[in-house]
Amino acid sequence: MGYHDMISVILGDIVEQEVDAIVNAANNSLLGGGGVDGAIHRAAGPGLLEECRTLGGCPTGDARITGGHLLPTKWVIHTVGPIWNGGYDQEDELLVSAYRNSLLLAEKYDIKSIAFPGISIGAYGFPVSRASVLAVRTILEHMENGGSFEDIRLICFNDEAYHFYSSALEIAVSEI
Ligand code: AR6
């Protein structure tokens with residue numbers, strides 16, 4: 001038994017996860033959008049957008065926190081992943097920052113269970129195989145460095161994402 005038993009890959013909808021916090025793959029405005037961002041705002045109700053308006057946006061690779069409003073979660077952590085541009089714009093580093101800053105912010109709020117979507121792999125076009133390895137590696141590193149989460153879920157919305165995130169987790173755990 002190790003901390004990697006706390007990490008799971010799930011095929012499902014992030015808005016249905018009963019965890020302390022869900023992570024939103026937002027954009028710099030934090031004022032809503034399509035994809036998982038749209039789904040979270042729809043499920044949380046208009047109070048979420050109202051709260052987001054007070055935040056003044058978020059730089060790529062950083063994270064902000066709000067309440068969960070009508071969601072079954074207490075918190076929503078809004079992060080902004082990079083737009084894929086062939087790997088020429090520090091996309092790897094920015095994706096790692098998005099995961100790392102989300103985890104660090106969650107620790108500050110004593111969040112023990114958290115669900116992530118596949119940040120940047122939808123509208124932002126980041127290759128899924130590459131994104132999955134970076135996501136899993138960043139989460140495992142955080143736990144190796146003393147992270148105190150009890151339940152970290154990687155929520156995949158389709159079979160392709162599920163395939164990549166679960167093999168990335170299996171490989172990363174076998175290398176520990
Ligand atoms: N639960 C879990 N995953 C979901 C859900 C859901 N309900 N809905 C979609 N996904 P994307 P990005 C998956 O495009 O690439 C928005 O407009 C989806 O299948 O949501 O970071 C923002 O406002 C994909 O695998 O996020 C930004 O403008 C993954 O979530 C932009 O899109 C991420 O896809 C951000 O793009």
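Residue numbers run from 1 in the order of the sequence given. Order of listing sets the numbers, starting from 1, for every ligand and every atom in it. The figures that follow rest on heavy atoms only: side chains count, while hydrogens, waters and symmetry mates do not.
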Tell me whether A123 has any N or O atom under 3.5 angstrom from an N or O of ligand 1. yes
Within a distance under 4.0 Å of any heavy atom of G34, pick out the atoms of ligand 1 and give their elements. 16 (C), 17 (O)
Checking the N or O distance criterion of under 3.5 Å, is ligand 1 in contact with N158? no
Could you check atom 1 (N) of ligand 1 against the protein and tell me its nearest heavy-atom contact, residue, atom and distance included? I14 N, 3.0 Å
Under a 4.0 Å heavy-atom limit, does A39 contact ligand 1 with its side chain, its backbone, both, or neither? side chain
Would A26 count as being in polar contact with ligand 1, using the rule that some N or O on each side must be under 3.5 angstrom apart? no
From the options A25, G118, C156, select the one whose nearest heavy atom is closest to atom 33 (C) of ligand 1. G118
Please could you name the atoms of ligand 1 that G35 approaches to less than 4.0 Å, counting only its heavy atoms? 8 (N), 9 (C), 20 (O)
Atom indices of ligand 1, in the order listed, that fall short of 4.0 Å to a heavy atom of I121: 15 (O), 24 (C), 25 (O), 29 (C)
Aromatic ring pairing W75/Y109, orientation class (parallel under 30°, perpendicular over 60°, tilted between): perpendicular
Within-cut-off N or O pair, F157 and ligand 1, under 3.5 Å: no
Can you list the steps and then say if E141 with R100 is a salt bridge (Lys or Arg N to Asp or Glu O under 4.0 Å)? CA-CA 9 Å; E141 260 170 34; R100 187 176 292 145; 3.6 Å; yes
Atoms of ligand 1 under 4.0 Å from any heavy atom of S120, numbered from 1 in the order shown, are 12 (P), 15 (O), 21 (O)
Would a distance-only check, ignoring hydrogens and angles, find a side-chain to backbone donor-acceptor pair under 3.5 Å from E144 to H142? no
